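Values reported hereafter were calculated over all heavy atoms of this structure, with side chains retained and with hydrogens, waters and symmetry mates removed. A quick note: this is a predicted structure, and the numbers were derived from the prediction, not measured.
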Amino acid sequence: SSAQLQSALDIMCKVLKLKLGKIFLTTSDRDTFVGLLTRPVYMVLESEQRVKSTTIRMHAFKVLCIAVKHHGHAYAAQISIVQNLTYFEHLSEPMAEFLHILAEQYDYPQLADEILRELSNKDFNSNDTKGPKSVSTFMVKLSELAPRVVIKQMTMIAKQLDSESYTLRCAVIEICGNMVADLSKQEERGENHKSQLNAFFDVLEERFLDVNPYARCKVIQVYIKICELDQKFPKRRQRAAELAARSLEDKSSNVRRNAIKLLGTLIKTHPFSVMHGGELNYSDWNSRLDAVDAQLNALKPPAETPGLVDKTTHVDTDLLDEATRMDIDDGGNQEDQMDQAQIIAKVQKAQEEAATSEAIGKLALTRRYYVEALKFVEVLHGATTTICQLLGSKNKSEVIEAMDYFKIGDAYKIEQNKLGIRRMLRLIWTKGNSDEGKGVQNHLIECYKTLFFEAPDSFSANDAANYVARNM
């Protein structure tokens with residue numbers, strides 16, 4: 001029974017806490033004894049039903065952790081874990097959990113390092129689907145639980161990007177996403193941190209062109225998760241928007257559907273809501289850019305006066321004769337007063353120039369912010385034309401995703417979306433014989449209800465009534 005098993009595992013832990021070195025004089029004798037205790041534990045873990053029980057799983061992990069940490073069981077554990085991943089699919093996530101506990105609570109990350117190294121160098125048979133799937137699940141789970149352990153082996157893990165198995169390539173893509181998520185939470189932001197982030201993003205961007213549609217879908221799904229992080233990565237977001245817009249023309253409908261979803265997520269989480277609210281109206285942003293350009297031109301000095309050089313002549317008193325010096329001494333008091341006035345004027349001028357240069361610096365940053373916003377909106381405008389065409393797709397889930405995109409775009413006042421919202425109307429005549437057809441019609445009605453008959457929360461009751469009346 002479960003209770004008996006737990007008490008047996010507890011006794012094993014107590015035995016392993018003893019100083020076995022005093023009982024067994026040779027390493028081989030000690031290893032044989034430790035093997036007598038660990039082998040039944042591995043057999044317990046082979047049962048899927050037993051592994052589902054958290055208490056039994058934790059007791060089993062405790063026995064193995066003590067054996068690895070204090071009794072040289074690491075190499076034997078490595079062989080057993082790699083074998084378990086090959087033959088028992090249900091052990092993928094539990095084994096990752098075990099290595100995480102071993103690294104965190106027992107301060108022994110070396111076993112995880114060795115296993116990751118071995119799996120990275122492993123070649124899988126092209127007919128073998130079970131092995132790569134199990135290893136992929138294991139590595140992804142470990143990267144979620146112990147990202148600091150996995151990041152040290154990323155150069156080895158990246159080798160699997162050349163693997164024939166798309167499952168392993170998908171795993172590496174997801175691990176890169178988990179690494180980006182972990183790095184974005186770290187407070188240390190040195191050069192190493194920056195170069196690591198760039199390397200992971202480069203891999204992800206490259207995988208938008210993976211030969212397998214499942215891998216292309218996976219990279220888009222990873223980007224959707226990255227978009228929801230607190231750190232925005234503005235340059236990478238712009239590139240992601242461009243790549244997603246390109247993926248709208250992918251031959252796989254699943255990739256196109258995910259690309260539409262990514263564009264919708266990029267709109268909902270865009271970083272341009274700091275200064276003027278979250279709307280993405282192109283003409284508004286363009287007029288703001290024109291206004292900033294006008295202010296910058298007004299502040300910049302004219303081209304004819306490249307620098308205000310002080311051209312006052314300095315008199316060298318050593319070159320003057322004595323009589324002239326006498327005259328200078330007599331007029332000394334007047335010159336002192338003149339000098340003070342000039343110094344005050346120069347200080348004021350310097351302060352004005354400093355204030356102007358500060359204002360120019362601020363305006364230049366604002367201009368850059370506006371230019372980046374306009375670039376993003378331009379990509380969305382280009383994508384909207386393609387998404388309009390996808391409303392006629394035979395794949396109904398793709399059509400539903402396109403409708404959701406237009407609904408999101410309308411909330412953010414993207415002008416081009418009006419075209420899509422009008423074109424959606426014809427979907428009401430979708431053949432409703434199948435569940436899919438009815439699903440499209442129902443979704444269309446829900447979209448139009450949201451677009452035209454649900455007033456924004458900020459409206460008063462009277463404004464909301466007027467809004468609905470105007471839209472009817």
Side-chain angles (χ1 to χ4, degrees), residues 35 38-52 57 60-61 64 68 73-103 109-147 149-179 203-204 206-207 210-219 221-222 252 254:
T38 54
R39 206 171 297 120
V41 175
Y42 290 120
M43 290 178 78
V44 166
L45 291 173
E46 285 173 17
S47 161
E48 193 170 348
Q49 204 59 41
R50 295 285 192 206
V51 172
K52 282 178 183 173
R57 194 170 71 243
F61 289 168
L64 296 178
V68 170
H73 180 61
Y75 184 65
Q78 183 181 334
I79 294 166
S80 298
I81 289 169
V82 173
Q83 281 180 346
N84 284 344
L85 290 175
T86 311
Y87 297 115
F88 304 102
E89 269 186 74
H90 71 275
L91 283 179
S92 303
E93 293 194 353
M95 286 297 107
E97 196 181 349
F98 162 62
L99 291 176
H100 168 59
I101 291 167
L102 185 63
Q110 296 93 311
L111 182 59
D113 291 342
E114 287 300 323
I115 288 171
L116 285 171
R117 254 184 238 124
E118 186 178 337
L119 294 174
S120 301
N121 290 321
K122 199 168 183 182
D123 286 326
F124 291 93
N125 189 327
S126 55
N127 300 324
D128 180 13
T129 53
K130 200 175 175 184
K133 188 183 174 188
S134 185
V135 167
S136 300
T137 311
F138 164 76
M139 290 201 294
V140 169
K141 185 68 178 174
L142 189 60
S143 72
E144 286 172 14
L145 295 172
V149 173
V150 175
I151 202 165
K152 291 186 284 183
Q153 304 301 327
M154 270 314 290
T155 45
M156 300 292 287
I157 293 168
K159 287 180 185 176
Q160 293 295 359
L161 285 170
D162 299 325
S163 168
E164 286 181 20
S165 165
Y166 75 86
T167 317
L168 283 168
R169 295 203 301 276
C170 286
V172 178
I173 290 165
E174 199 165 344
I175 290 167
C176 286
N178 290 338
M179 294 302 105
V203 169
L204 291 172
E206 185 187 287
R207 289 293 128 187
D210 195 284
V211 291
N212 189 282
Y214 288 108
R216 298 199 294 274
C217 283
K218 178 58 74 179
V219 76
Q221 287 160 7
V222 165
S252 162
N254 212 12

Fill in the blank from the handout: Here the gap from Ser165 atom OG to Phe124 atom CZ, rounded to the nearest 0.5 Å, amounts to 7.5 Å

Problem - Heavy-atom pair with the smallest gap, counting every atom of Ser136 and Ala171 - result: CB-CB, 3.6 Å

Problem - Heavy-atom check, side chain of Glu89 versus side chain of Lys130, under 4.5 Å - result: yes

Handout entry: Ile173 vs Gln221 side-chain heavy atoms within contact, under 4.5 Å
Key = no

Practice task
For the residue pair Tyr166 and Tyr214, categorise the inter-ring angle as parallel (less than 30°), tilted (30 to 60°) or perpendicular (more than 60°).
Solution key: parallel

Exercise for the section: Determine whether Pro147 and Asn178 make a side-chain contact, defined as any pair of heavy atoms from C-beta on separated by less than 4.5 Å. Expected result: no

Problem - Residue pair Leu119 / Gln160, side-chain heavy-atom distance below 4.5 Å - result: no

Exercise for the section: Would you check if Ser80 and Arg39 make a side-chain contact, meaning some heavy-atom pair closer than 4.5 Å? Expected result: no

Fill in the blank from the handout: Value for CZ (Arg57) from CZ (Phe98), rounded to nearest 0.5 Å, stands at 13.0 Å

Problem - Chi angles and distances behind the side chain to side chain contact (heavy atoms under 4.5 Å, CB included) call for Met156, Leu116 - result: CA-CA 8 Å; Met156 300 292 287; Leu116 285 171; over 6 Å; no

Handout entry: Distance (rounded to the nearest 0.5 Å) between Ile115 CD1 and Met139 CE
Key = 12.0 Å

Exercise for the section: For Thr86 and Val82, indicate whether the former's side chain and the latter's backbone hold a donor-acceptor pair under 3.5 Å. Expected result: yes

Problem - For Arg216 against Ser252, the heavy-atom pair lying closest together - result: NH2-CB, 4.2 Å

Exercise for the section: Measure the shortest side-chain to side-chain distance between Val150 and Ile175 over non-hydrogen atoms and say whether it is less than 4.5 angstrom. Expected result: yes

Exercise for the section: List the steps, then state whether side chain to side chain contact (heavy atoms under 4.5 Å, CB included) holds for Leu45 with Asn84. Expected result: CA-CA 9 Å; Leu45 291 173; Asn84 284 344; 5.5 Å; no

Practice task
Output the distance between atom NE2 (His90) and atom OG (Ser47), rounded to the nearest 0.5 Å.
Solution key: 6.5 Å

Exercise for the section: Please check if the side chain of Arg117 supplies one atom and the backbone of Gln153 the other of a donor-acceptor pair under 3.5 Å. Expected result: no

Exercise for the section: Measure across Ser163 and Arg169 and return the closest heavy-atom pair with its distance rounded to 0.1 Å. Expected result: O-NH1, 2.9 Å

Practice task
Mind checking the CE-CD spacing from Met179 to Glu144? Nearest 0.5 Å is all I need.
Solution key: 9.5 Å

Handout entry: Student check: side-chain heavy atoms of Lys141 and Leu145 closer than 4.5 Å
Key = yes

Exercise for the section: For Lys122, look at atom NZ and say whether over 12 heavy atoms of other residues, nucleotides or ligands are found less than 6.0 Å away. Expected result: yes

Exercise for the section: Return yes if some donor-acceptor pair links the side-chain N/O of Ser92 with the main-chain N/O of Ser134 below 3.5 Å, else return no. Expected result: yes

Problem - Distance-minimising heavy-atom pair for Ala96 and Leu142 - result: O-CD1, 3.6 Å

Problem - Nearest-0.5 Å distance that lies between atom CD1 in Ile157 and atom CG in Asn121 - result: 11.0 Å

Exercise for the section: Decide yes or no for Leu99 and Val149: does some side-chain heavy atom of the first lie under 4.5 Å from some side-chain heavy atom of the second? Expected result: no

Exercise for the section: Indicate the atoms forming the closest heavy-atom contact of Leu91 with Leu85, along with that distance. Expected result: O-CD2, 4.3 Å

Practice task
Work out which heavy atom in Ala74 is nearest to a heavy atom in Leu111; give both atom names and the distance.
Solution key: O-CD1, 3.4 Å

